[in-house]
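All remarks here apply to the structure that follows.
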Number of protein chains: 4
Amino acid sequence: MSRSTPSSRKSAVPKPKPGRQVATATSGRSSKSQARSASLRALRAAERRAAIVEAALEEFTARGFAATRLDDVAKRAGVAKGTIYLYFADKETLFQELLRFSLLPLIGELGAPPPPGVSARAMFESFAEVFVREVTETKRADLLRLLISEGQRFPSLAEFHYREVVVHGIAAMRRVIAYGIERGEISNKALLDYPQLLMAPAMLTVVWQGLFNRFAPLDARALLRTHIDIMFDKGNAP
Amino acid sequence: MSRSTPSSRKSAVPKPKPGRQVATATSGRSSKSQARSASLRALRAAERRAAIVEAALEEFTARGFAATRLDDVAKRAGVAKGTIYLYFADKETLFQELLRFSLLPLIGELGAPPPPGVSARAMFESFAEVFVREVTETKRADLLRLLISEGQRFPSLAEFHYREVVVHGIAAMRRVIAYGIERGEISNKALLDYPQLLMAPAMLTVVWQGLFNRFAPLDARALLRTHIDIMFDKGNAP
Amino acid sequence: MSRSTPSSRKSAVPKPKPGRQVATATSGRSSKSQARSASLRALRAAERRAAIVEAALEEFTARGFAATRLDDVAKRAGVAKGTIYLYFADKETLFQELLRFSLLPLIGELGAPPPPGVSARAMFESFAEVFVREVTETKRADLLRLLISEGQRFPSLAEFHYREVVVHGIAAMRRVIAYGIERGEISNKALLDYPQLLMAPAMLTVVWQGLFNRFAPLDARALLRTHIDIMFDKGNAP
Amino acid sequence: MSRSTPSSRKSAVPKPKPGRQVATATSGRSSKSQARSASLRALRAAERRAAIVEAALEEFTARGFAATRLDDVAKRAGVAKGTIYLYFADKETLFQELLRFSLLPLIGELGAPPPPGVSARAMFESFAEVFVREVTETKRADLLRLLISEGQRFPSLAEFHYREVVVHGIAAMRRVIAYGIERGEISNKALLDYPQLLMAPAMLTVVWQGLFNRFAPLDARALLRTHIDIMFDKGNAP
DNA sequence: CATGAATGAGACTTCATTCAT
DNA sequence: TATGAATGAAGTCTCATTCAT
């Protein structure tokens with residue numbers, strides 16, 4: 001192996017669509033209705049962009065930033081090399097955009113307003129469930145790992161996630177903790193200073209699954225259940 | 001910059017030794033005493049090797065595997081580029097060797113025989129203290145982050161660490177947990193199934209400090225203290 | 001910047017019309033009067049062509065042939081990139097056409113029939129004045145520089161200008177010289193063999209102004225006046 | 001033709017040495033004498049550098065800066081593509097260095113101290129002769145044309161030549177003119193203000209030979225002789 | 001006719017690895 | 001054993017040209 005990639009050359013990641021994309025049959029031209037054709041074009045553009053992002057996700061998560069070849073991204077997306085540059089200024093922009101906007105929706109989902117009158121434990125159980133369903137069992141886990149791996153080398157990216165994701169996540173955790181303390185579900189008030197402790201097992205799961213799942217699969221749900229049992233006193237639960 | 005690294009070129013990492021290493025004048029050969037000169041040479045060789053590994057550590061942790069240039073490693077180590085190949089087969093070998101043997105000693109330290117009659121909490125407190133002192137506040141934290149970042153792309157490396165480090169660590173955690181349950185310091189027996197929970201905050205600290213310390217410094221010791229307070233019932237502590 | 005241009009990317013040459021050209025609303029077709037609409041269309045076509053040539057002039061003179069991007073020409077002309085190909089076969093054709101027809105009119109102006117009975121000196125003074133007014137102080141100087149710069153690499157272009165411009169210019173110079181000799185204004189008959197000497201200062205001016213005007217502005221008119229004083233004996237002048 | 005070059009692809013300029021350079025038989029290693037081997041290496045480096053510069057000269061003068069491929073320069077120099085980067089930072093540096101140092105020696109030659117008691121005409125005749133012999137009939141003419149062609153697009157280059165070459169040349173011309181006026185060889189004192197007029201025919205020759213020599217060869221020596229006859233009164237000549 | 005998204009060949013540049021000294 | 005000059009494969013990015021709309 002010559003340059004720098006650890007594993008096999010030529011796309012260790014299996015590529016699903018070898019030829020040109022299916023293109024969802026746009027060849028039939030109605031020849032009038034400029035507006036529709038314009039929106040069609042816009043639609044096509046959006047599709048292409050999405051294809052590129054999707055392909056980039058696969059390649060970047062499989063190889064990391066430096067070892068990913070835009071050539072491979074293009075092939076996987078079913079576009080020419082130059083096409084990528086119609087949508088993204090350069091490799092780094094594609095990479096950052098991918099990471100920037102992929103984890104954002106999570107915050108919305110995780111911060112969904114809890115049903116009233118519910119226990120703190122139930123609130124966090126809901127968090128955990130969403131995390132498992134929407135991250136652990138999804139490509140988002142790969143994205144999170146990618147962020148953990150490359151964040152240090154892209155300070156602006158780290159900052160973005162700190163501000164847009166982490167700060168809100170920490171705040172949410174703190175609210176749950178405060179609520180739990182208030183309701184007597186959580187006894188240790190120092191937890192308020194380290195709300196990260198609530199998320200630590202979730203993060204560990206993501207890292208573990210990336211590195212060691214091959215050798216020792218980890219049941220995220222069960223692990224988090226145990227975590228919850230430890231963090232919350234059962235007293236006030238039904 | 002064209003290829004792949006996000007930040008500045010030309011060694012973002014400050015290099016301590018600008019000129020060629022002092023090299024302690026080896027050119028004048030005394031021409032007798034082959035045995036001593038042989039051992040001297042071996043010593044010199046060992047030093048060189050160590051210098052290369054040390055330099056590689058700096059560069060790899062600062063840039064990751066792919067973006068690190070052997071040229072920079074050589075410069076930092078004070079040797080010629082070709083010299084690296086006298087000690088390591090190639091870039092990947094150097095990288096793996098670096099990671100393979102750098103974290104091993106930890107297991108010994110962490111697995112040091114606990115003083116008899118001590119509480120489970122005290123045992124884990126000792127663990128935590130060693131971890132903070134020997135990892136968090138050391139270059140080992142960088143190595144751990146490097147492992148987390150690149151492990152997925154070097155399966156053999158991940159396997160090595162799983163077998164040589166993680167398995168033992170998990171076993172040690174489990175022993176502490178069992179002991180804690182036995183002594184009544186730990187009430188939740190399910191923890192025995194997920195000893196990772198004991199380590200999760202430590203790992204979170206390492207990741208956090210790599211990504212977010214700039215924006216929100218994290219006090220590893222205090223965080224772990226809180227963690228310990230939660231995991232261990234205080235009843236039986238002195 | 002990676003490829004080839006020395007200075008700043010993104011059009012160092014200031015572009016006058018930022019948005020799309022006004023285009024004088026051609027979309028509403030009155031659907032009758034085909035003849036007039038045809039001529040209108042022809043007019044529109046001629047305008048477009050002219051806009052492209054004008055834009056090409058700016059860009060080519062600013063960057064040279066190879067470093068000029070048709071994309072920039074199109075933007076500056078207010079047309080789409082593809083439109084250029086409706087009027088010109090390719091980049092080189094556009095370039096050559098630009099150069100071919102831009103300098104031709106000069107020959108007419110420079111070869112204008114001199115008022116009868118005038119001195120040779122006056123004839124050449126008139127040449128010089130036209131040259132200063134119509135070349136030196138005009139974009140034509142840029143075109144001349146462009147020809148000088150790229151002519152060697154476009155042999156057919158050099159040949160064209162030799163035949164269509166230079167030959168006539170040389171002939172005109174020779175006529176002036178012969179006339180001057182005949183009238184006793186020029187004493188050195190060898191000048192007839194090197195009529196280029198009459199034009200040399202004009203050419204030097206164009207080159208100098210392209211390269212060094214920043215550091216040492218050159219007054220074309222005054223320089224040529226001195227040149228004339230040297231070439232023509234003052235005896236017979238009024 | 002695809003990208004940008006006007007004429008034929010694949011090196012219009014004939015390449016003399018297809019294989020690896022002759023390398024002047026350095027294979028015989030004397031195995032001792034480090035100093036000599038070091039100087040040998042230095043010698044080799046100097047040769048290589050020279051080969052690259054020489055090749056670059058050919059290619060740049062044949063195609064201009066933008067259209068020259070470093071690949072071709074490397075092939076012509078008999079080195080690998082990467083080798084160029086051991087000696088020059090990038091394409092532009094190679095180009096500028098080529099131009100910067102190739103014309104400098106001229107100033108020395110042209111500014112050689114004139115024999116005492118000689119006429120101004122003889123001094124300038126000597127200038128002219130050196131110019132013809134060392135520029136017109138040499139590759140330096142190509143370099144001068146290259147400078148004229150690309151100077152506008154490399155402001156620093158134009159400035160360098162203005163300061164290092166032109167200023168001195170102009171000063172030398174002015175000295176000759178002053179001397180000629182003093183000796184009564186030159187009558188028009190205004191020439192002191194436009195010493196460029198003395199050089200104009202030389203420059204015209206270089207440009208002409210680049211563009212039109214194919215169609216109308218120009219005898220530089222004869223043209224300059226006529227020029228001299230016109231500029232200098234014959235009175236004081238023998 | 002006009003558009004401009006898409007293409008893909010090709011240029012510059014980097015850097016792991018080799019090998020003569 | 002150590003060196004570091006040399007190599008050349010490979011990657012990123014550009015831009016002339018095409019073509020469906």
Side-chain angles (χ1 to χ4, degrees), chain A residues 1-4 9 26-27 29-31 34 36-38 40-41 44-45 48 66-72 74 79-87 89-92, chain B residues 1-5 9 23 26 41 44-45 48 68-72 74 79-87 89-92, chain C residues 1-4 9 23 26 41 44-45 48 68-72 74 79-87 89-92, chain D residues 1-4 9 26-27 29-31 34 37-38 40-41 44-45 48 66-72 74 79-87 89-92:
Chain A
M1 172 197 347
S2 130
R3 192 66 65 86
S4 54
R9 216 70 273 250
T26 359
S27 315
R29 326 157 190 175
S30 57
S31 107
Q34 292 243 323
R36 202 182 319 164
S37 119
L40 243 183
R41 210 186 291 216
R44 207 83 65 92
R48 276 205 128 91
T68 290
R69 299 186 295 277
L70 286 191
D71 227 349
D72 286 346
V79 303
K81 228 184 323 175
T83 304
I84 294 178
Y85 289 86
L86 294 177
Y87 294 93
D90 56 13
K91 191 186 178 183
E92 191 175 329
Chain B
M1 166 203 347
S2 101
R3 195 68 67 83
S4 53
T5 349
R9 215 78 263 257
T26 355
R41 202 179 308 180
R44 205 58 44 75
R48 276 198 128 91
T68 290
R69 297 191 298 279
L70 286 193
D71 224 345
D72 286 346
V79 302
K81 223 186 327 177
T83 305
I84 295 178
Y85 286 85
L86 295 175
Y87 295 92
D90 56 14
K91 191 184 178 185
E92 190 176 330
Chain C
M1 173 200 345
S2 103
R3 194 71 61 88
S4 54
R9 216 75 263 257
T26 357
R41 202 178 310 181
R44 206 57 43 77
R48 277 199 127 91
T68 290
R69 297 192 297 278
L70 287 192
D71 224 345
D72 286 346
V79 303
K81 222 184 330 176
T83 305
I84 296 179
Y85 287 85
L86 296 175
Y87 294 92
D90 56 13
K91 190 185 178 185
E92 190 176 330
Chain D
M1 171 198 346
S2 121
R3 192 67 62 86
S4 54
R9 220 71 265 258
T26 0
S27 315
R29 324 158 190 177
S30 59
S31 110
Q34 290 242 325
S37 116
L40 244 184
R41 210 188 289 215
R44 206 84 65 90
R48 276 206 127 93
T68 290
R69 298 188 295 279
L70 287 192
D71 226 347
D72 286 347
V79 303
K81 228 180 326 172
T83 305
I84 295 179
Y85 289 87
L86 294 178
Y87 294 92
D90 55 14
K91 190 185 179 184
E92 192 176 327

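This is a predicted model, so every value here is computed, not measured. Proteins come first, then strands; the chains are lettered A, B, ... in the order of their sequence lines, and each starts at number 1.
- For B:Asp71 and E:dT13, the CG to C1' distance is 15 Å, given to the nearest whole Å.
- A close approach under 4.0 Å does not occur between any side-chain nitrogen or oxygen of D:Arg48 and OP1 or OP2 of F:dG4.
- Look at C:Lys91 and you'll find a side-chain N or O under 4.0 angstrom from OP1 or OP2 of F:dA16.
- Dashed line: the shortest gap from a side-chain N or O of C:Arg44 to OP1 or OP2 of E:dC1 is not under 4.0 Å.
- Rounding to whole angstrom units, CG of residue D:Leu86 and C1' of F:dT7 are separated by 9 Å.
- Checked against salt bridge (Lys or Arg N to Asp or Glu O under 4.0 Å), B:Lys81 has the following partners two or more places apart in sequence or in another chain: B:Asp71.
- D:Ile84 approaches D:Leu70 most closely through the heavy-atom pair CD1-O, 3.6 Å.
- Between the CG atom of B:Leu70 and the P atom of F:dT3 there is a distance of 15 Å, rounded to whole Å.
- When the side-chain nitrogen and oxygen atoms of C:Tyr87 are compared with OP1 and OP2 of E:dA2, one or more of them lie within a distance under 4.0 Å.
- Side chain of B:Ala80, nearest nucleotide from F:dT1, F:dG4, E:dT3: F:dG4.
- Listed by chain and number, the residues in a side chain to side chain donor-acceptor pair (under 3.5 Å) with A:Asp90 are A:Thr93 (sequence neighbours excluded).
- Listed candidates were F:dC13, F:dA5, E:dA16. Nearest to the side chain of B:Tyr85 is E:dA16.
- Minimum atom distance to the side chain of B:Arg69 is reached by E:dA16, of the listed E:dA16, E:dT7, F:dT12.
- Rounded to whole Å, atom C1' of F:dG8 lies 13 Å from atom CD1 of D:Ile84.
- Between D:Thr83 and the phosphate of F:dT7, there is a side-chain N or O to OP1/OP2 separation shorter than 4.0 Å.
- Distance check: A:Thr68 OG1 to A:Asp72 CG gives 8.0 Å after rounding to the nearest 0.5 Å.
- Following rounding to the nearest Å, C:Asp72 (CG) and E:dG4 (C1') show an atom-to-atom distance of 15 Å.
- For C:Lys81 against F:dT17, a side-chain-to-base donor-acceptor contact under 3.5 Å is present.
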| field | Watson-Crick or G-U pairs under 3.5 Å in DNA chain E, rendered as dot-bracket with [ ] for crossing pairs and | for another strand | value | .||||||||||||||||||||
